[in-house]
There are 2 protein chains.
Amino acid sequence: MNENIDSQTMVKILKALANPIRLKMIALLHKEPKNVYALAKEMELPYPLAHLHLNGLKKLGLVKEVKTEQKAKGLPTIKYYAPSEFTFILTPENIRKLYVKNKGERNG
Amino acid sequence: MNENIDSQTMVKILKALANPIRLKMIALLHKEPKNVYALAKEMELPYPLAHLHLNGLKKLGLVKEVKTEQKAKGLPTIKYYAPSEFTFILTPENIRKLYVKNKGERNG
DNA sequence: GAGATATGTAATATTTTTCTTATATATAAA
DNA sequence: TTTATATATAAGAAAAATATTACATATCTC
């Protein structure tokens, strides 16, 4: 799956994705990077709610700021987000591996 | 990812896996099929809680009954569970596909 | 000036999830 | 006869997640 991720982190990532709003956000941002305001409009959500959900994804590194734009001085910088290029392969075997502690394996 | 699964079902599956107890259950059952009582003891959980969590996984088809055993007549049948052989590949692209409605594509 | 654009946060309220306690059944072992 | 084995469910309590409302800032268009 993903390099040395532990079970607690995996639970956090799964929790982040296990929500209809956040999952759809990933889908929409993958189609085209968007700012929170545009995302909120498109999804018909109040801005603070959209901001809250996108923030959760951002904190876990599932989405990233990919571009900024300032239309005029004084106006807030518009921030465009896109999903990061994650790949999580969920199988019983991979889930089991999350609990096999990885004692810092390295070459050298 | 997985044959014609829709976003709502995916959210349910992710919710089921996005819990430390349920995720560990999958890991433990993958190592070796177990009954709920044994699982509860091993995880140091009260039986009703273990039963509750395993039931959630069972309802979604993430774990299955693989063997039953009755030690004596009158005694309850011991039910052994193991994870089903699921594979969910989580990528932004696969998540996007969840929202592209699949108009019953078939051959013939 | 009102409404739309655009950001962000805090406080509260609501809803959902999770956990505990209690109930019920039945046998074997100590 | 108490404890351990083994199942299952329901009710209520506690905790966490989710959603709303309000606030603060700033410009542009109508």
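These numbers were taken from a predicted model, which means no experiment stands behind them.
Per the geometry, CZ belonging to A:R22 stands 13 Å off C1' belonging to C:dT16, to the nearest Å. Separating the CD atom of B:E65 from the P atom of D:dA6 is a distance of 15 Å, rounded to the nearest angstrom. Summarising the geometry, the separation between CG on B:L49 and C1' on D:dA10 is reported as 15 Å, rounded to the nearest angstrom. If you take CD of A:Q70 and P of D:dA26, they are 13 Å apart, rounded to a whole angstrom. With rounding to whole Å, A:L14 atom CG is found 16 Å from C:dT17 atom C1'. Distance, B:M43 CE to C:dT18 C1': 14 Å, rounded to whole Å. Between the CG atom of B:N35 and the P atom of D:dT5 there is a distance of 11 Å, given to the nearest Å. The distance from atom CG of A:N55 to atom P of C:dT9 is 6 Å, rounded to the nearest whole Å.
In terms of position along DNA chain C, the nucleotide closest to A:K41 lies nearer the 5' end than the nucleotide closest to the other residue of the pair A:K41 and B:P46. Checking B:K15 against A:Y81, the closest nucleotide of DNA chain C that is more toward the 5' end is the one next to A:Y81.
Summarising the geometry, atom CG belonging to B:N19 is positioned 6.5 Å from atom NZ belonging to A:K15; distances are rounded to the nearest 0.5 Å.
Taking the side chain of A:Y37 as heavy atoms from C-beta on, and the options D:dT9, D:dA4, C:dT7, the nearest nucleotide is C:dT7. Picking from D:dA10, C:dT9, C:dC19 the nucleotide with the shortest atom distance to the side chain of B:P48 gives D:dA10.
B:I21 comes within 4.0 angstrom of sugar-phosphate atoms only, judged by non-hydrogen atoms across all strands, and of no base. Among the heavy atoms of the strands lying under 4.0 Å from B:I78 are primed sugar atoms or P, OP1, OP2 only; no base atom is included.
Remark: side-chain polar atoms of B:Y99 are paired, donor with acceptor, to backbone N or O of A:K24 under 3.5 angstrom. Looking only at distances, a side-chain donor or acceptor of A:S84 sits under 3.5 Å from a matching main-chain atom of A:G61.
Dashed line: the shortest gap from a side-chain N or O of B:K79 to OP1 or OP2 of D:dT7 is not under 4.0 Å. In terms of phosphate contacts, A:N19 brings no side-chain nitrogen or oxygen within less than 4.0 Å of OP1 or OP2 of D:dA17. Between C:dT18 and B:H53, no contact under 4.0 Å exists linking OP1 or OP2 to a side-chain N or O.
No side-chain heavy atom of A:L14 sits under 4.5 Å from any side-chain heavy atom of A:V11.
Taking the 5.5 Å centre cut-off and the 30° plane limit, the aromatic side chain of A:Y47 is classed as stacked on C:dT7.
Relative orientation of the B:F88 and B:F86 rings is parallel, given thresholds of 30° and 60° on the angle between their planes.
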